[in-house]
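Here the structure is laid out as C-alpha cells; the discussion comes afterwards.
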Amino acid sequence: MATSRLNASCRFSTSRRLDCEGYVGLSARKVTVRYVRTVAAPRCHLVQRANEDRALVVNAAGTAKEMPNKNYPGERKGFVEEMRLVVIKMHPKDLAKEVKRESNGPVSTWEFTVERYLKFLVDSKLVFDTLERLVHESTVPAYAGLKNTGLERSASLGRDLEWFKEQGYEIPESMAPGKVYSQYLKDIAEKDPPAFICHFYNINFAHSAGGRKIGTMVSEKILDHKELEFYKWDGQLSE
C-alpha cells in the first residue's frame with residue numbers, strides 16, 4: 001500500500017480516494033485531514049505511530065460533517081458485542097412497517113396449546129443437547145470460551161419436560177425439523193467452526209431475548225402463569 005510522507009516521523013496510508021488538502025499543528029501532535037466520504041471510506045480512520053513514550057495521531061474526518069472518533073464494532077467488548085451490533089443493523093426500525101404495508105391480509109395469530117408447546121420444547125431440548133455436547137466434546141480451540149457459560153439450557157428443559165409428564169401430559173418424540181437442524185449443527189461444528197459459533201450465538205440470543213417474551217405469553221395463556229426452568233438463568237442474564 002502506498003504511503004504519503006508528512007515528515008520524517010509520520011506516515012499514513014493513502015489511496016486515490018483520499019484527498020489530502022493540507023495539514024497543520026504538527027507541533028501540537030494532532031493533524032486533521034479532510035476527504036470526501038465515499039463507500040470506500042465509510043468511517044473515521046485512525047493512524048497512530050509510536051514515538052518513544054508519545055504518539056502522533058492523524059484524524060481524518062468527512063468534509064461534509066465532522067465525525068467523532070468511535071470504536072469499530074465490538075473492538076473493546078469482544079465477540080458478543082460485535083455480533084449484537086451486526087444483528088441490530090440487520091433489523092432496521094422500519095422493517096415492521098414495511099412488512100405490514102406489503103401484507104395483503106391480516107397476520108395470523110398464534111393459537112397456544114400445551115400439545116404444540118411440548119413439541120417446541122422437545123425440539124429445543126434436542127438442539128441444546130446437541131449444541132452443548134458438541135462444545136464440550138470438541139477439541140477445536142475456538143470453542144473453549146463457549147464452555148460452561150451459564151447459558152446452557154438442556155438440563156433446564158429436561159426438568160420442564162419432567163414436570164409436564166408429572167401433570168399427565170405425554171411427551172412427544174422430536175420432529176423432523178429438530179432432527180435435521182441437530183445434524184446440521186454436527187456437520188458445521190466439524191467442517192466450519194466460524195459458522196457453528198454464529199449458530200451458537202444466534203440460538204442463545206434468540207431464547208434469552210425474544211424467547212423470554214414468548215415464554216411469558218405462553219405461561220399466561222396456557223400454564224396458569226407457571227415460569228418454566230427454560231427461562232431461568234443463574235445470576236444476571238445480561239452479564
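Under the salt bridge (charged side-chain N to carboxylate O under 4.0 Å, His left out) criterion, no residue pair touches residues 176-192, with sequence neighbours excluded.
Residue Leu223 holds its CG atom at 5.5 Å from CH2 of Trp163, rounded to the nearest 0.5 Å. Expressed to the nearest 0.5 Å, how far CZ of Phe196 lies from OH of Tyr184 amounts to 11.5 Å. With rounding to the nearest 0.5 angstrom, the OG1 atom of Thr216 is 10.5 Å from the NE2 atom of His225. Atom CD1 in Ile222 sits 11.0 Å away from atom CE in Met217 (nearest 0.5 Å). Taking CD1 of Ile188 as the start and NE2 of His199 as the end, the distance is 4.0 Å to the nearest 0.5 Å.
Nearest heavy atoms, Val122 versus Ser174: CG1-OG, 3.5 Å. Residues Asp123 and Gly178 come closest through the heavy atom pair OD2-N, 3.7 Å.
Using cut-offs of 30° and 60° on the angle between ring planes, the pair Tyr201 and Phe205 is parallel.
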All N/O donor-acceptor pairs, side-chain side in residues 142-149, below 3.5 Å, sequence neighbours left out:
{"from": "Tyr143", "atom 1": "OH", "to": "Ala189", "atom 2": "O", "distance (Å)": "2.8"}
{"from": "Thr149", "atom 1": "OG1", "to": "Leu151", "atom 2": "N", "distance (Å)": "3.2"}

Please tabulate, one pair per line, all N/O donor-acceptor pairs under 3.5 Å involving side-chain atoms of residues 226-236, not counting sequence neighbours.
{"from": "Glu229", "atom 1": "OE2", "to": "Lys232", "atom 2": "NZ", "distance (Å)": "3.2"}
{"from": "Tyr231", "atom 1": "OH", "to": "Tyr117", "atom 2": "OH", "distance (Å)": "2.8"}

Going by atom type alone, with no hydrogens or angles, which donor-acceptor pairs under 3.5 Å involve a side-chain atom of residues 125-134 and a protein atom two or more places apart or on another chain?
{"from": "Lys125", "atom 1": "NZ", "to": "Asp129", "atom 2": "OD1", "distance (Å)": "3.3"}
{"from": "Lys125", "atom 1": "NZ", "to": "Asp129", "atom 2": "OD2", "distance (Å)": "3.0"}
{"from": "Asp129", "atom 1": "OD1", "to": "Ser154", "atom 2": "OG", "distance (Å)": "2.1"}
{"from": "Thr130", "atom 1": "OG1", "to": "Leu126", "atom 2": "O", "distance (Å)": "2.9"}
{"from": "Thr130", "atom 1": "OG1", "to": "Ser182", "atom 2": "OG", "distance (Å)": "2.6"}
{"from": "Glu132", "atom 1": "OE2", "to": "Arg153", "atom 2": "N", "distance (Å)": "2.8"}
{"from": "Glu132", "atom 1": "OE2", "to": "Ser154", "atom 2": "N", "distance (Å)": "3.2"}

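Heavy-atom neighbours of Gln167 CD from other residues, nucleotides or ligands within 6.0 Å: above the threshold of 12.
When the side chain to side chain donor-acceptor pair (under 3.5 Å) test is applied to Ser124, no partner is found at least two apart in sequence or on another chain. Listed by chain and number, the residues in a side chain to side chain donor-acceptor pair (under 3.5 Å) with Arg212 amount to none (sequence neighbours excluded).
Checking side-chain atoms of Glu166 against main-chain N and O of Phe164 turns up no donor-acceptor pair under 3.5 Å.
Note on Leu161 and Tyr169: same hydrophobic cluster, where clusters join Ile, Leu, Val, Met, Phe, Trp and Tyr whose side-chain heavy atoms are under 4.5 Å apart, directly or indirectly. Phe200 and Val140 end up in the same hydrophobic cluster when Ile, Leu, Val, Met, Phe, Trp and Tyr side chains are linked at under 4.5 Å.
Side-chain atoms of Val218 and Phe120, non-hydrogen and from C-beta on, never get closer than 4.5 Å to each other.
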